[in-house]
Amino acid sequence: MLAGRARPLRAADMKKDVRILLVGEPRVGKTSLIMSLVSEEFPEEVPPRAEEITIPADVTPERVPTHIVDYSEAEQSDEQLHQEISQANVICIVYAVNNKHSIDKVTSRWIPLINERTDKDSRLPLILVGNKSDLVDYSSMETILPIMNQYTEIETCVECSAKNLKNISELFYYAQKAVLHPTGPLYCPEEKEMKPACIKALTRIFKISDQDNDGTLNDAELNFFQRICFNTPLAPQALEDVKNVVRKHISDGVADSGLTLKGFLFLHTLFIQRGRHETTWTVLRRFGYDDDLDLTPEYLFPLLKIPPDCTTELNHHAYLFLQSTFDKHDLDRDCALSPDELKDLFQVFPYIPWGPDVNNTVCTNERGWITYQGFLSQWTLTTYLDVQRCLEYLGYLGYSILTEQESQASAITVTRDKKIDLQKKQTQRNVFRCNVIGMKNCGKSGVLQALLGRNLSRQKKIRDDHKSYYAINTVYVYGQEKYLLLHDISESELLTEAEIVCDVVCLVYDVSNPKSFEYCARIFKQHFMDSRIPCLIIAAKSDLHEVKQEYSISPADFCRKHKMPPPQAFTCNTADAPSKDIFVKLTTMAMYPHARLRCMCTCNRCTFCICQNFLNSDLLQSVKNKIFTAVLNRLRARVAEWGAMLLADDEGSITHQVHAVSSVEDSIFMESSHGPLFLEARHVTQADLKSSTFWLRASFGATVFAVLGFAMYKALLKQR
């Protein structure tokens with residue numbers, strides 16, 4: 001921007017090709033100009049019309065394929081002319097410098113004809129071409145300048161000569177430049193200042209580039225800007241020269257050795273006035289703008305493939321960028337964004353993206369301002385629920401420019417299929433969705449606001465039109481920070497498919513309403529009883545008097561019947577912030593849905609609880625009884641065969657082996673709280689080795705160990 005040549009346009013920045021159409025009165029030299037450009041010499045014989053010429057990208061200054069089309073009134077109809085006008089990107093109106101009639105036709109015929117075929121808001125750029133300058137010793141510019149001032153779509157005027165090749169290549173360069181770097185969207189010649197849309201776009205670019213938000217671009221920021229736009233830094237002296245130019249023309253263009261917004265806009269105005277508008281266009285296109293000064297869909301919505309049953313999350317680099325964005329606008333360093341600071345942050349957006357409900361979706365401070373954690377949580381929520389909108393917002397903030405990434409898609413992590421998580425019994429996700437289901441007024445809103453640390457007194461201050469159906473905050477599970485997203489599902493007789501999809505379900509009933517639990521039980525049986533989604537029942541408003549629920553069985557018995565954790569008492573009517581225990585349990589259940597076991601301490605995760613569930617299971621008791629019966633029958637048969645001499649030894653062996661079976665259960669229980677389950681090897685003495693019953697005991701012990709191990713595996717598999 002500040003010095004040197006413009007950065008070559010990337011494929012995403014430029015048009016695929018440029019189509020130049022030459023029109024004008026007969027015999028003004030249109031065909032001769034094309035043929036002189038191609039052959040680099042004046043043709044002795046000129047055909048009525050030249051065939052379409054295509055110039056390859058590698059021989060054009062802007063590296064864009066260029067098509068040059070000739071028009072002949074003698075060979076083409078008006079309909080063909082109109083079609084060529086509609087296909088052209090730029091039109092060169094050729095007149096003969098020595099022919100006043102051809103000059104008059106520029107305004108009386110050609111410009112009106114072209115404008116009739118184009119939209120008023122998107123006029124085609126025009127180039128006036130004065131040919132045959134070799135036949136006169138004067139310039140036609142005095143006649144042409146009033147025309148240029150009258151029609152703003154005229155980019156420039158070039159006087160040339162097809163005979164002596166004067167300005168031929170320049171003519172087509174300016175035509176190509178008029179397409180790739182048009183002046184019209186940037187500058188108003190009558191008022192001699194940039195257009196509002198251009199000022200708005202450059203103001204956004206300035207604010208993005210002002211990384212410390214102090215209102216000026218210091219040397220480091222200017223060098224970064226120069227490098228990302230033009231692939232080259234500026235020498236310290238060059239930076240100082242630029243500042244001196246600004247100081248010379250405007251008093252407040254430089255402040256504290258940094259370039260102000262006024263100075264930044266002045267420089268671009270200067271470039272445009274001096275015919276270097278390609279510099280401004282290079283900057284605009286680097287920051288995502290198209291020819292109409294709108295951010296392109298390719299910039300705002302880069303391609304991101306999301307397979308079914310996968311979710312989207314922000315990655316580490318995105319959180320670092322958002323952290324720096326928050327710090328940039330938290331001017332008072334209170335770890336919260338005031339309304340003015342939030343407004344300042346959103347100045348680079350075309351609209352305010354967050355409504356008042358956001359303050360009841362994420363954490364805020366006592367004054368209702370979004371905290372640092374709340375700021376990150378809101379971005380996490382947007383990424384999870386609507387990743388395209390997240391990409392759009394990151395585009396407005398200039399994520400891909402400031403992080404020097406190809407696009408905002410690099411900020412997103414697409415999680416793997418949830419089925420794979422269930423198969424591997426572990427997850428890589430950091431955001432878990434919990435659907436909160438219950439009757440109206442059962443306390444669901446209280447559960448959502450409790451996640452944000454708000455008790456009942458704070459919840460009563462929330463306006464009805466500011467309520468949110470979502471709440472998101474961080475929860476720590478086994479030392480890992482995870483995001484829990486709560487979604488309040490409206491009461492309905494039948495849930496939709498979208499309302500069922502989640503990682504964990506929270507069924508809420510009001511302990512003071514006898515009809516409240518019946519809805520939870522019905523929804524559970526309809527949608528979740530046979531699913532693999534873990535469920536937790538919350539007994540809300542537990543500070544009130546509990547009444548008997550009008551249902552066939554009590555909530556506690558219902559949970560036991562369906563092998564769920566017992567109902568969790570909850571209230572947000574507390575002096576301080578409500579307890580977050582239920583949120584830890586919900587997040588843990590979402591992280592480990594494969595371990596849905598009945599639990600003594602309701603954590604349902606620790607080794608002690610898993611072993612207790614196993615030891616108390618009906619399956620294990622049945623297997624144990626069958627083992628006892630089989631072993632005793634087998635040993636009695638052996639005793640009868642061996643005779644009276646070994647009877648005493650065998651009876652002792654039976655007693656010893658039966659004791660071993662009992663000790664298996666005790667060993668499992670005693671070792672379960674310390675680590676993996678194992679059976680301690682029996683101490684084998686020298687006397688045992690000599691005994692005739694040693695091998696019987698060894699084979700029996702191995703059989704018991706194998707049967708118990710298989711039974712444990714089947715029990716856990718069945719519970720999952």
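Taking the six-membered ring for Trp, Y187 and H277 have ring centres at least 6.0 Å apart.
Between Y95 atom OH and E159 atom CD the span is 5.0 Å, to the nearest 0.5 Å. One distance of note links CZ of F326 with CD of Q323; it measures 10.0 Å at 0.5 Å rounding. Between I114 atom CD1 and L21 atom CG the span is 7.5 Å, to the nearest 0.5 Å. Atom NZ of K328 is separated from atom CG of D212 by 8.0 Å, given to the nearest 0.5 angstrom. Distance check: F225 CZ to L402 CG gives 11.5 Å after rounding to the nearest 0.5 Å. Note that the NZ atom of K195 and the NZ atom of K200 stand 16.0 Å from one another [nearest 0.5 Å].
Ion pair E73/R109 flagged as a salt bridge, since at least one NZ, NE, NH1 or NH2 atom sits closer than 4.0 Å to an Asp/Glu carboxylate oxygen.
In this structure, L391 and Y399 have side chains that are not in contact, with every pair of non-hydrogen atoms separated by 4.5 Å or more. The shortest side-chain heavy-atom distance between T203 and F206 does not fall under the 4.5 Å cut-off. A 4.5 Å side-chain heavy-atom check between L397 and L345 finds at least one atom pair inside the cut-off. Put simply, the side chain of T380 reaches to within 4.5 Å of the side chain of Y319, judged on heavy atoms. A heavy-atom distance below 4.5 Å is found between the side chains of L113 and L81. Inter-residue side-chain proximity for I144 and V106 is flagged as unmet; no heavy-atom pair is nearer than 4.5 Å.
Counting all heavy atoms, side chain and backbone alike, Y138 lies closest to N98 at OH-CA, 4.2 Å. For the residue pair W281 and L180, the shortest heavy atom distance occurs at CG-O, 4.3 Å. Across all their heavy atoms, V90 and P125 have their closest contact at CG2-O, 3.3 Å. Taking every heavy atom of both residues into account, C390 and I412 meet most closely at SG-CD1, 4.3 Å. Residues K177 and G275 come closest through the heavy atom pair NZ-O, 2.9 Å. Of all non-hydrogen atoms in R27 and K132, the two that sit nearest each other are O-NZ, 2.9 Å.
Remark: E52 engages R19 in a salt bridge (Lys or Arg N to Asp or Glu O under 4.0 Å) (not counting sequence neighbours). Every residue two or more places apart in sequence or in another chain that forms a side chain to side chain contact (heavy atoms under 4.5 Å, CB included) with D78 is listed here: H82.
With Q378 contributing its side chain and F375 its backbone, the two residues share no donor-acceptor pair below 3.5 Å. At distances below 3.5 Å, not a single donor-acceptor pair connects side-chain atoms of D292 with backbone N or O atoms of D294. A donor-acceptor contact shorter than 3.5 Å links the side chain of T66 to the backbone of V64. E341 places a side-chain N or O within donor-acceptor distance of the main-chain N or O of L331, the cut-off being under 3.5 Å. A donor-acceptor pair under 3.5 Å links the side-chain atoms of D210 to the main chain of D214, judged by distance alone. Here the side chain of Y299 pairs a donor or acceptor atom with the backbone of G395 at under 3.5 angstrom. A side-chain donor-acceptor contact under 3.5 Å links Q76 to the backbone of S72. Using a distance-only test at 3.5 Å, with no hydrogens or angles considered, no donor-acceptor pair links the side chain of E153 to the main chain of G184. No donor-acceptor distance shorter than 3.5 angstrom exists from the side chain of N223 to the backbone of P233, with no hydrogens or angles considered. Using modelled atom types, one side-chain atom of S102 and one backbone atom of A96 make a donor-acceptor pair closer than 3.5 Å.
The salt bridge (Lys or Arg N to Asp or Glu O under 4.0 Å) pairs that include a residue from residues 163-175 number zero, where partners must be two or more places apart or lie in different chains. For the salt bridge (Lys or Arg N to Asp or Glu O under 4.0 Å) condition, the pairs that include at least one residue of residues 247-266, sequence neighbours left out, are E240-R247, D252-K262.
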For residues 301-314, please give each side-chain donor-acceptor pair under 3.5 Å, one per line with the distance, not counting sequence neighbours.
| from | atom 1 | to | atom 2 | distance (Å) |
| --- | --- | --- | --- | --- |
| D309 | OD2 | K419 | NZ | 3.4 |
| T311 | OG1 | T415 | OG1 | 2.8 |
| T312 | OG1 | T383 | O | 2.6 |
| E313 | OE1 | N430 | N | 3.3 |
| E313 | OE2 | N430 | N | 2.9 |
| E313 | OE2 | V431 | N | 3.2 |

Pair up each side-chain donor or acceptor in residues 30-42 with any protein partner under 3.5 Å, not counting sequence neighbours, and list the distances.
| from | atom 1 | to | atom 2 | distance (Å) |
| --- | --- | --- | --- | --- |
| K30 | NZ | G24 | O | 3.4 |
| K30 | NZ | E25 | O | 3.2 |
| T31 | OG1 | D70 | OD2 | 2.5 |
| S36 | OG | S32 | O | 2.8 |
| S36 | OG | A162 | O | 3.0 |
| S39 | OG | M35 | O | 2.7 |
| S39 | OG | E41 | O | 3.0 |

Legend entry - Chi angles and distances behind the ring-ring contact (aromatic ring centres under 6.0 Å, His included) call for H317, F321: CA-CA 6 Å; H317 299 291; F321 172 78; over 10 Å; no
Inset, instruction - Let me see the working for L135 and V97 under side chain to side chain contact (heavy atoms under 4.5 Å, CB included), right down to the final yes or no. - result: CA-CA 8 Å; L135 299 180; V97 176; over 6 Å; no
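Checked options N131, N167, D134; the residue passing with S161 is D134 (criterion: side-chain hydrogen bond (donor to acceptor under 3.5 Å, both in side chains)). Here the options are F349, F287, F346, the test is ring-ring contact (aromatic ring centres under 6.0 Å, His included), and the partner is Y396; only F349 passes. The residue from T280, T296, D291 that alone fulfils the side-chain hydrogen bond (donor to acceptor under 3.5 Å, both in side chains) condition with R285 is D291.
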